[in-house]
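Worksheet for the structure shown next.
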Amino acid sequence: MTLDNFNELENIFGYDCLDNLLIGNGFSISIDNSFQYSTLFEVCKEYISENDIKLFNELDSYNFEKILEGIDIAIKINKNFNIHTEVLQNSYESIKRGLINAINDIHINYQDLTGPQEKYFITSSRLFDMVRKNIYSTNYDLIPYWIWMKVTREFPNPENHEMTDFFRRRDKSFLHFSEGKPSGKSLFFLHGALHLYNENGYIKKIQSENSVLLDRITNAINNEGIVPLFVSEGNWERKLAKIFSNRYLNFCYNQLQNSNGSLTIFGSSLGEYDNHIVEAIQKSEINPIAYGIYTKNMSEASVKRIMSEIREKLETKEVYFFNSNTFYKSINRLWDDRNGGWGGEWPF
């Protein structure tokens with residue numbers, strides 16, 4: 001089945017869907033495929049027990065959310081029958097911490113973004129540049145933050161220089177979350193990220209230049225006992241409970257619920273573990289929505305099934321679909337059209 005290219009949506013349907021942007025793990029995988037669950041699992045094995053590894057194999061899945069959900073269900077069943085659950089709770093926390101360490105270990109360094117990775121990164125910067133209101137990320141990695149830093153410093157659009165993530169300076173090494181009303185383009189980490197952490201009730205951000213930020217985080221995790229702020233609970237209800245319990249995450253979630261204008265969704269399946277995200281979009285005044293489907297090696301029936309599922313989830317919204325395979329090429333064409341940019345051929 002052939003889907004429209006993203007840059008064609010405006011001409012076909014009359015909508016420019018770049019008021020808001022929601023990116024999921026597929027966004028970071030498109031720049032560095034090390035963020036795939038299978039790679040993360042191989043690295044995570046160094047941090048978890050043999051029984052935890054066996055659980056992944058028994059359930060035949062690399063999906064950390066599925067594994068954590070399974071443990072959570074087992075804990076609830078055991079509690080119902082007054083069976084001791086400490087070993088299961090320890091396993092749950094161990095796998096969550098292993099995921100944090102795995103993401104940190106496999107994370108590409110900023111200076112290693114070369115070749116095709118660098119070109120995808122530059123195009124993603126153009127995407128952030130064209131978004132007019134809010135950028136929402138459910139990713140834990142640093143790539144969205146690095147892009148934000150590049151755009152605010154290097155791109156000429158004056159709106160970019162006012163772009164905020166709501167962290168303010170209070171001391172030399174860290175920035176503190178300071179809630180405020182968005183006045184321009186804003187960046188929100190809906191599920192936390194590697195560079196954010198909670199200390200004595202204060203949400204802080206580790207700050208360094210892009211080239212050394214990952215090293216700074218690694219040192220903070222290994223030597224300072226800092227645990228990054230992650231929402232990696234096993235189901236959407238527990239994720240939402242974690243969000244509501246944290247002042248920063250709750251603020252980000254409320255901003256999504258209060259958003260308006262169009263929305264582009266790229267790299268997010270909006271699957272069963274993201275029902276809280278769907279709920280926030282449904283409650284918002286967002287409309288219309290452009291949703292990307294990665295159709296490579298996918299049958300026509302599968303594409304139609306995904307379209308039907310997304311329309312059902314977002315039943316109150318007007319949804320258009322585009323081909324994620326050609327998304328970066330579309331962004332380059334749009335950016336060049338609007339900015340008189342480079343205009344050459346990109347290798348994707």
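Here the structure is a predicted model, which is why all the values come from computation and not from measurement.
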Asp215 versus Thr218, side-chain donor and acceptor atoms under 3.5 Å: no
Do the side-chain N and O atoms of Tyr136 and Ser259 include a donor-acceptor pair separated by under 3.5 angstrom?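 Side-chain D/A pair, Tyr136 to Ser259: present.
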Checking Val227 now: which residues fulfil side-chain contact (heavy atoms from CB on, under 4.5 Å) with it, not counting sequence neighbours? Arg97, Ile100
Partners of Ser186 by side-chain contact (heavy atoms from CB on, under 4.5 Å), sequence neighbours excluded?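 If we apply the side-chain contact (heavy atoms from CB on, under 4.5 Å) test to Ser186, skipping adjacent residues, the hits are Asn134, Thr164, Phe166, Pro182, Phe188.
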Using the six-membered ring wherever Trp is involved, compare the ring planes of Phe64 and Tyr37 and label them parallel, tilted or perpendicular (cut-offs 30° and 60°).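 Aromatic pair Phe64/Tyr37 classed tilted.
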Ring centroid separation Tyr291 to Phe322 under 6.0 Å: no
I want to know whether Tyr110 and Trp146 have ring centres closer than 6.0 Å.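 Between Tyr110 and Trp146, the centre distance is under 6.0 Å.
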Here's a test for you: under ring pair (Phe, Tyr, Trp, His ring centres under 6.0 Å), which of Tyr197, Phe189, Phe251, Tyr248 qualifies with Phe167? Tyr248
Looking at Tyr92 and Glu233, what are the two nearest heavy atoms and their distance? OH-CA, 3.3 Å
What closest approach, in Å, do Asn287 and Glu318 show between heavy atoms, and which atom pair accounts for it?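 Heavy-atom minimum between the residues: OD1-N, 2.7 Å.
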Quickly, which of Lys239, His191, Glu237, Arg238 forms a side chain to side chain donor-acceptor pair (under 3.5 Å) with His276? Name it, please.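 Only one option passes, and that is His191.
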Determine whether Tyr328 and Phe266 satisfy the following criterion, side-chain contact (heavy atoms from CB on, under 4.5 Å), listing intermediate values before the conclusion. CA-CA 11 Å; Tyr328 286 99; Phe266 176 66; 3.7 Å; yes
Within 45° of the six-membered ring axis of Tyr320 and under 6.0 Å from that ring's centre, is NZ or CZ of Arg311 located there?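 No, Arg311 does not lie over the aromatic ring of Tyr320.
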From the list Phe155, Trp148, Tyr120, Trp335, side chain to side chain contact (heavy atoms under 4.5 Å, CB included) with Ser125 holds only for Phe155
Do Leu99 and Ile103 touch side chain to side chain, with heavy atoms closer than 4.5 Å?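 Yes; the side chains approach each other to less than 4.5 Å.
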